Amino acid sequence: MKRFFFSFLGALAGVWVSILLFGLLIVITIGVIAASSASEVDVPKVKKQSVLTITLSGEVVDRESPKNIIDEIYGNDVRQLPLNTLVSAIKSAAQDSKIEGIYLDCKGLSAGLAQIEAVVNALNEFSKSGKWIMAYGDSYSQADYIIASTADSLFVNPIGVIDIHGLASTTLYFKNLLEKAGVEVQVVKVGTFKSAVEPFILNDMSDANRLQTSEFLDNIWDHLKNTIAQGRKVTVEKVSDWADSFSYTKDVEFYLKNNLADATLYRHQMDSLLARLSGLHEDKDKPNLIEFDKYALARDDNKKSVKNKKQIAVLYAVGDITENGEGGIASERLVPQILELAEDDDVDALVLRVNSGGGSAFASEQIWEALQQFKTITGKPFYVSMGDYAASGGYYISCGADKIFAEPVTLTGSIGIFGLIPNAEKLLSDKIGINTATVATNKGQFPTFYKAMTPDQKAAMQSMVENGYELFAKRCAEGRSLPIDSIKAIAEGRVWSGHKALEIGLVDYMGGLDAAIAFAASELNCDGDYYIKEYPKVNFKWWEEMLDMSKTIKMSVIKEFVGEENMKFYDLTNYLKNIDPLQARMDFIEIN
């Protein structure tokens with residue numbers, strides 16, 4: 001009885017401690033959000049002789065998303081640079097008499113190549129205003145340097161580093177790992193170049209995949225070399241030499257001699273230079289630096305009324321395409337949003353911003369059909385702006401647009417379908433000691449995780465994939481007004497760079513989101529008298545964050561337990577477990 005009494009008291013104490021800890025967590029969370037909210041409402045004033053500052057650190061995202069509460073609490077939150085806000089700030093600064101120039105403070109940026117291209121284009125347009133751009137870095141990443149090459153002068157710390165190394169794509173192959181685990185991945189697919197299945201069935205890259213990867217990397221790097229060469233006023237061959245030289249190991253004398261940088265400065269000397277360039281005293285005054293996001297907030301505060309103006313709706317489709325789920329492009333959320341826009345009389349044109357390597361073929365078809373409904377119901381123009389990726393399912397949902405815009409460095413195409421059906425029979429029987437027995441009335445059962453596919457099942461699944469491919473090709477042919485044979489000749493799951501996609505008719509124009517919006521405005525004949533409204537709505541309210549807290553905590557705990565590097569294996573397991581039967585997805589490509 002005594003033991004029970006102490007056990008009961010111990011359990012009760014544990015419950016109360018848990019309640020107190022949870023309460024403390026909530027208090028901390030509310031404090032973090034309150035602090036964030038307080039800073040968000042603080043609208044800055046733009047002083048005369050100001051310098052628009054773009055600190056190149058953190059991660060470029062197509063649009064801002066809510067903060068992760070747990071990361072905020074632990075101080076792990078990654079700084080976001082919303083591309084739409086950044087480009088808009090640069091454009092506004094070109095016309096703003098209070099802005100003398102732009103300062104690029106290079107501190108190691110993470111960004112997709114199409115995102116980098118959009119920033120470069122905006123800065124080149126800014127230069128036409130006659131205002132200056134200055135760049136400084138203690139250590140330039142390649143992403144930093146491509147953007148910084150647009151500057152009038154590029155400075156580096158006297159013991160700084162500049163990294164130019166070209167492009168590479170590395171693929172992880174899991175065949176041996178899966179075999180050791182007793183899992184066989186059964187593949188049905190259409191398309192010689194549909195290589196997204198290769199990591200599960202091969203130990204090395206196929207010849208077809210190596211060919212297409214080499215080709216699009218060469219195309220993209222040629223474009224980026226030209227961008228750097230024009231900015232630094234050197235030859236393209238010179239940039240190639242930099243990339244071959246292991247530039248990150250060189251001293252500053254190499255950088256100055258080979259024109260990678262114009263001069264060396266310490267950071268305080270750079271501040272003095274910025275003060276002088278903006279008309280202040282270089283020894284007595286500090287430069288009036290205003291970060292781009294603060295500047296955008298100040299400009300937003302002075303926005304004019306949107307009354308009687310045309311609305312261009314920008315709908316973001318970013319991430320994996322799924323039927324449902326919290327993140328990515330879930331058709332159960334996006335389809336109603338599209339149909340809602342179709343019924344909104346205030347919407348005059350739709351621009352779909354796609355940044356996706358694809359996903360569920362079924363979900364892609366549902367989104368494609370909803371976009372067709374938008375065109376049919378409203379008769380209003382519908383355009384697509386492609387980001388870093390708009391391939392496979394990402395191209396599926398894009399192909400019906402009136403016009404498609406892509407960056408030269410966008411990866412697109414990958415018109416093909418595949419299915420992955422894991423067979424864990426050896427894992428269950430040989431490794432774990434579990435056997436299964438099935439009784440069925442008919443042979444037409446869907447393949448299961450427990451047994452290898454029968455010949456009849458495999459034939460049926462192959463037929464299903466081929467039917468999906470025919471539908472995909474048909475959608476593309478209709479959308480692009482091309483014969484289906486012409487589409488199939490450039491399909492087969494092949495990935496193309498945006499520049500090549502323009503040549504073969506998969507896209508219409510080179511340019512970013514701003515180019516697509518400008519085109520929409522010109523088609524509406526509104527002479528600049530329009531406004532942009534972004535969809536879907538992004539929730540930034542603290543109580544909406546709290547509702548999603550359990551999932552955030554779960555993922556944070558998992559990441560802490562398995563480690564950042566091992567999260568890819570956790571994601572792979574979930575991917576195989578939850579994958580839809582038919583996938584319109586490109587390779588898992590990381591270019592660096």
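Note that this is a predicted model, so its numbers are computed, not measured.
Using a cut-off of 4.0 Å between Lys/Arg side-chain N and Asp/Glu carboxylate O, Glu64 and Arg79 are scored as not salt-bridged. In this structure, Arg276 does not pair ionically with Asp285, as no charged nitrogen and carboxylate oxygen lie closer than 4.0 Å. Under 4.0 Å is where a charged nitrogen must lie from a carboxylate oxygen, and between Lys128 and Glu125 at least one such pair does. A salt bridge is absent between Lys238 and Asp241; no separation between the charged side-chain nitrogens and carboxylate oxygens falls under 4.0 Å. Taking a cutoff of 4.0 Å between a charged side-chain nitrogen and a carboxylate oxygen, Lys257 and Asp251 do not qualify as a salt bridge. Under 4.0 Å is where a charged nitrogen must lie from a carboxylate oxygen, and between Lys91 and Asp514 at least one such pair does. Arg353 has a carboxylate O that lies under 4.0 Å from a charged side-chain N of Asp62, or vice versa, which qualifies the two as a salt bridge. Comment: Lys189 does not engage Glu198 in a salt bridge, judged by the lack of any side-chain N to carboxylate O separation of less than 4.0 angstrom.
One distance of note links CE of Met134 with OG of Ser153; it measures 4.0 Å at 0.5 Å rounding. To the nearest 0.5 angstrom, Trp132 atom CH2 is 8.0 Å from Phe126 atom CZ.
Using a distance-only test at 3.5 Å, with no hydrogens or angles considered, no donor-acceptor pair links the side chain of Tyr395 to the main chain of Ser392. The backbone N or O of Ser88 lies less than 3.5 Å from a partner atom in the side chain of Ser92, making a donor-acceptor pair. A donor-acceptor distance shorter than 3.5 angstrom exists from the side chain of Thr412 to the backbone of Ala390, with no hydrogens or angles considered. Panel note: side chain Ser356, backbone Gly319; a donor-acceptor pair is recorded below 3.5 Å. Proximity of a side-chain donor or acceptor of Asp508 to a complementary backbone N or O of Ile404 within less than 3.5 Å is detected. Within the 3.5 Å criterion, the main-chain N or O of Glu407 finds a donor-acceptor partner in the side chain of Thr410. When atom types are taken as modelled, the side chain of Asn355 and the backbone of Gly387 share no donor-acceptor pair closer than 3.5 angstrom. Remark: side-chain polar atoms of Thr213 are not paired, donor with acceptor, to backbone N or O of Arg210 under 3.5 angstrom. Distance alone, capped at 3.5 Å, places no donor-acceptor pair between the Trp496 side chain and the Ile504 backbone. Checked by atom type and distance alone, the side chain of Lys403 never pairs as donor or acceptor with a backbone atom of Tyr509 at under 3.5 Å.
Atom CG of Asn176 sits in a crowded spot, with more than 12 heavy atoms from other residues, nucleotides or ligands closer than 6.0 Å. For Leu211, the CG atom counts as densely surrounded, since its 6.0 Å shell holds more than 12 non-hydrogen atoms of other residues, nucleotides or ligands.
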**Asked** Can Glu503 and Lys500 be said to form a salt bridge (Lys or Arg N to Asp or Glu O under 4.0 Å), step by step?
**Response** CA-CA 5 Å; Glu503 289 182 14; Lys500 196 69 178 178; 3.3 Å; yes
**Message:** Let's go through Leu167 and Gln142 carefully: what are the C-alpha distance in whole Å and the side-chain angles of both, what is the deciding distance for side-chain contact (heavy atoms from CB on, under 4.5 Å) to 0.1 Å, and is it a yes or a no?
**Reply:** CA-CA 10 Å; Leu167 300 180; Gln142 183 165 272; 3.9 Å; yes
**Item:** Derivation of the salt bridge (Lys or Arg N to Asp or Glu O under 4.0 Å) call for Asp163 and Lys250
**Value:** CA-CA 9 Å; Asp163 179 16; Lys250 304 298 184 180; over 6 Å; no
**Request:** Kindly indicate, with the supporting measurements, whether the criterion side chain to side chain donor-acceptor pair (under 3.5 Å) is fulfilled by Thr192 and Glu492.
**Result:** CA-CA 5 Å; Thr192 304; Glu492 290 288 319; 3.1 Å; yes
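Side-chain contact between Ser245 and Phe254: present, with at least one pair of heavy atoms (C-beta onward) separated by less than 4.5 Å. Proximity of Thr55 to Leu104: side-chain heavy atoms (C-beta onward) are nowhere separated by under 4.5 Å. With a 4.5 Å cut-off on side-chain heavy atoms, Val252 and Ile159 do not count as touching. Within the 4.5 Å cutoff, no side-chain heavy atoms of Ile102 are placed close to those of Lys131. No side-chain heavy atom of Leu52 sits under 4.5 Å from any side-chain heavy atom of Tyr103. Looking at heavy atoms from C-beta onward, Thr322 lies out of side-chain contact with Ile329 at the 4.5 angstrom threshold. The shortest distance between side-chain heavy atoms of Ser129 and Gln95 does not fall below 4.5 Å. Ile133 has its side chain within reach of Ser127: a pair of non-hydrogen atoms, C-beta onward, lies under 4.5 Å apart.
Smallest separation of non-hydrogen atoms from Lys107 and Asp144: N-OD2, 3.7 Å. Residues Ala89 and Tyr295 come closest through the heavy atom pair O-CE2, 3.5 Å. For the pair Lys175 and Ile201, the tightest heavy-atom approach, listed with the atom from each and the gap, is CD-O, 2.9 Å. Nearest heavy atoms, Ile147 versus Val120: CA-CG2, 4.0 Å. Looking at every heavy atom in both residues, Ser141 comes nearest to Leu109 through OG-N, 3.7 Å.
Judged purely by distance below 3.5 Å, without hydrogens or angles, the side chains of Ser195 and Asn209 pair a donor atom with an acceptor atom.
Ring geometry for Tyr145 versus Trp242: interplanar angle over 60°, hence perpendicular rather than tilted (30 to 60°). Using the six-membered ring where Trp is involved, Tyr248 and Phe246 have ring planes that are perpendicular, over 60° apart on the 30 and 60° scheme.
Checking Asp105, Asp271, Asn157 one by one against Tyr136, the side-chain hydrogen bond (donor to acceptor under 3.5 Å, both in side chains) holds for a single residue, Asn157.
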